[in-house]
Amino acid sequence: MALTGYDDQPEKAFHDKMQYKEAETIPGPSTNKIEEEAIKKHIYVVVGMPERDQNDFETLYNSIAIFTPEGLAGSYRKMQPHDDEPNWCSRGGKPFLLETPWGLIGCEICYDIYCLPELRRYYTAKGARLVINSTALAHVHGRQLGTTTLESGVLQDGIYIASSNLGGIDLINNFWGGSSIMGPSQNPYEVHYYAGKRFTDLGANESRMYTATIDLNLATRFPFIKNPKIGSSDWRPDKYLEMLKDVLNIKNSPAGK
């Protein structure tokens, strides 16, 4: 939500909300401008915004627009809107893997990665060694949610995570900041911060641009590669699929809705 700000006003009717008034299609006026800069500067850009569905202007998504040095690559629509977000946005239904010369990069938004690891693990299983997290994590979410879950993702999946968070006071919430680039350390099963800060570090809410050079060879994705001792990966999607089908078959299961 970098183009507009994040906070919802629950008391306002849908058509009176900032998100409805400021939403744009992708492509649209703002993404056209960003696309020009991405091409001119030969960079990749991921930016959060409220997206209006081109085929149904009454349907909005919490989205990130994704650009390469060749231009707009598309958008990822948050699959799991959280808290007040369903007041204005619908749920997205598709993952987004960006192809680059260095391999695949997975794209997520906030709650997707903190509390629902299935998407991150899908990206990693598909070969991604880097996952992007565009996020609006605030003090109301507590001191542990962001740092603990991102670091555990690095440890569990053997990947890098680049996370960009809002910092400071928006309309209602005070956001942690704490943007960072984290990933596997040279030491086994340790997380290293290549740039940036933990969410709760002193000064984390200051606006800065962080850059880092990372070695993707350290992103081993160890649970998803072949374990020679057993002849397959430690990750067992066939068994997980059986369990998920069992959940979906439970009468009146909320997971089936």
Item to complete: Tell me who clusters with F67, hydrophobic residues only, linked when side chains sit under 4.5 Å apart either directly or through other members.
Response: L3, I26, I34, I43, V45, V47, M49, L72
Fill in: same_hphob_cluster(L137, I161) at 4.5 Å side-chain heavy-atom cutoff
yes
Worksheet item: Counting only heavy atoms not in H15, do more than 12 sit closer than 6.0 Å to its NE2 atom?
Response: yes
Practice prompt. Please determine, by modelled atom types, if Q54 and T25 share a side-chain donor-acceptor pair under 3.5 angstrom.
Written response: no
Worksheet item: Within the side chain of E85, is there an N or O that forms a donor-acceptor pair under 3.5 Å with the backbone of H82?
Response: yes
Practice prompt. Report yes or no: do I105 and L119 belong to one cluster of Ile/Leu/Val/Met/Phe/Trp/Tyr joined by side chain heavy-atom distances under 4.5 Å?
Written response: yes
Fill in: Partner set under ring pair (Phe, Tyr, Trp, His ring centres under 6.0 Å) for F14, not counting sequence neighbours
Y20
Practice prompt. Please check if I181 and I66 belong to a single hydrophobic cluster, counting links between Ile, Leu, Val, Met, Phe, Trp and Tyr side chain heavy atoms closer than 4.5 Å.
Written response: yes
Discussion item. Could you report the tightest heavy-atom contact between G106 and A128, atom names first, then the distance?
Written reply: N-CB, 4.1 Å
Worksheet entry | ring pair (Phe, Tyr, Trp, His ring centres under 6.0 Å) partners of Y193, counting only residues at least two apart | none
Discussion item. How close do N173 and A138 get, counting heavy atoms only, and between which atoms?
Written reply: CB-CB, 3.9 Å
Worksheet item: Should the heavy atoms of other residues, nucleotides or ligands under 6.0 Å from CD1 of I172 be counted, would the total exceed 12?
Response: yes
Fill in: Minimum heavy-atom distance I159-A219, with the two atoms named
CA-CB, 4.1 Å
Worksheet entry | Pairs satisfying ring pair (Phe, Tyr, Trp, His ring centres under 6.0 Å), at least one member in residues 45-65, at least two apart | none
Item to complete: Please name the residue in the list E24, E51, K78 that meets the side chain to side chain donor-acceptor pair (under 3.5 Å) test with S63.
Response: E51
Item to complete: Enter the distance from M18:CE to K21:NZ here, rounded to the nearest 0.5 Å.
Response: 11.0 Å
Worksheet entry | Cluster overlap V46 with L97, hydrophobic side-chain contacts below 4.5 Å | yes
Worksheet item: What pairs of residues pass the side-chain hydrogen bond (donor to acceptor under 3.5 Å, both in side chains) test when at least one of them lies in residues 197-207, not counting sequence neighbours?
Response: E151-R198
Worksheet item: If every non-hydrogen atom of L166 is compared with every non-hydrogen atom of Y6, which pair is closest and at what distance?
Response: CD1-CB, 3.7 Å
Fill in: Spatial distance of atom CZ (R77) from atom SG (C89) [nearest 0.5 Å]
11.5 Å
Item to complete: Could you pull out all residues at least two apart from Y160 that satisfy ring pair (Phe, Tyr, Trp, His ring centres under 6.0 Å)?
Response: Y194
Response to the item:
Residue set satisfying salt bridge (charged side-chain N to carboxylate O under 4.0 Å, His left out) with K40, at least two apart, ordered chain then number -> E37
Item to complete: Return each pair, listed once, that meets side-chain hydrogen bond (donor to acceptor under 3.5 Å, both in side chains) where at least one residue sits in residues 99-114; pairs must be two or more places apart or across chains.
Response: Y76-D112, Q80-D112, Y114-N133, Y114-T135
Practice prompt. Could you list all the ring pair (Phe, Tyr, Trp, His ring centres under 6.0 Å) pairs where at least one residue sits in residues 119-152, not counting sequence neighbours?
Written response: H139-W176
Discussion item. When you compare the side chains of H192 and Q186, does any donor N or O come within less than 3.5 Å of an acceptor on the partner?
Written reply: no
Practice prompt. Can you measure from NZ (K94) to OG (S75) and round to the nearest 0.5 angstrom?
Written response: 10.5 Å
Worksheet item: Should the heavy atoms of other residues, nucleotides or ligands under 6.0 Å from CD of E58 be counted, would the total exceed 12?
Response: yes
Worksheet entry | Counterpart residues, salt bridge (charged side-chain N to carboxylate O under 4.0 Å, His left out), relative to D157 (two or more places apart) | R120, R121
Discussion item. Minimum heavy-atom separation for F199 and G177, please, with both atom names.
Written reply: CD2-O, 3.2 Å
Worksheet item: Is there side-chain contact between K245 and L241, with heavy atoms separated by less than 4.5 Å?
Response: yes
Worksheet item: Can you check whether P50 reaches N62 side chain to side chain, under 4.5 Å on heavy atoms?
Response: no
Discussion item. Donor-acceptor check, side chain of N32 to backbone of G28, threshold 3.5 angstrom: yes or no?
Written reply: yes
Worksheet item: Would I39 and E70 satisfy side chain to side chain contact (heavy atoms under 4.5 Å, CB included), going step by step from the backbone distance to the final call?
Response: CA-CA 6 Å; I39 294 171; E70 285 72 49; 6.0 Å; no
Worksheet item: Hey, what do you get for OG1 (T68) to CG (L98), rounding to the nearest 0.5 Å?
Response: 7.0 Å
Discussion item. Let me confirm one number: the CD-NZ distance from E36 to K41, rounded to the nearest 0.5 Å.
Written reply: 10.5 Å
Discussion item. Return the CG to OG distance between L218 and S185, rounded to the nearest 0.5 Å.
Written reply: 8.0 Å
Worksheet item: Okay, side chain of T147, backbone of Q144: is any donor-acceptor separation there less than 3.5 Å?
Response: no
Discussion item. A quick test of your reading: do over 12 heavy atoms of other residues, nucleotides or ligands sit less than 6.0 Å from CE of M243?
Written reply: yes
Fill in: Pairs where residues 227-236 contributes a residue and the test side-chain hydrogen bond (donor to acceptor under 3.5 Å, both in side chains) is met, not counting sequence neighbours
N227-D234
Worksheet item: Passes side chain to side chain contact (heavy atoms under 4.5 Å, CB included), I214 versus L216? Steps please.
Response: CA-CA 6 Å; I214 60 175; L216 288 172; 4.0 Å; yes
Worksheet entry | Non-hydrogen side-chain atoms of P184 and V191 separated by less than 4.5 Å | no
Discussion item. Run the salt bridge (charged side-chain N to carboxylate O under 4.0 Å, His left out) test against D7 and tell me which residues pass, sequence neighbours left out.
Written reply: none
Worksheet item: How about L171: does its CG atom have over 12 heavy atoms from other parts shown lying under 6.0 Å from it?
Response: yes
Worksheet item: Can you name the closest pair of heavy atoms from Y210 and A195 and give their distance?
Response: CB-CB, 3.9 Å
Worksheet entry | Shared hydrophobic cluster, L145 / M182 (ILVMFWY, side-chain heavy atoms < 4.5 Å) | yes
Worksheet item: Given the rule in the side chain to side chain contact (heavy atoms under 4.5 Å, CB included) test, do L150 and I113 qualify, once you have shown the distances and angles that lead to the verdict?
Response: CA-CA 8 Å; L150 292 187; I113 200 168; 3.8 Å; yes
Item to complete: Evaluate side chain to side chain contact (heavy atoms under 4.5 Å, CB included) for S179 paired with S164, printing each intermediate quantity in order.
Response: CA-CA 4 Å; S179 298; S164 182; 3.9 Å; yes
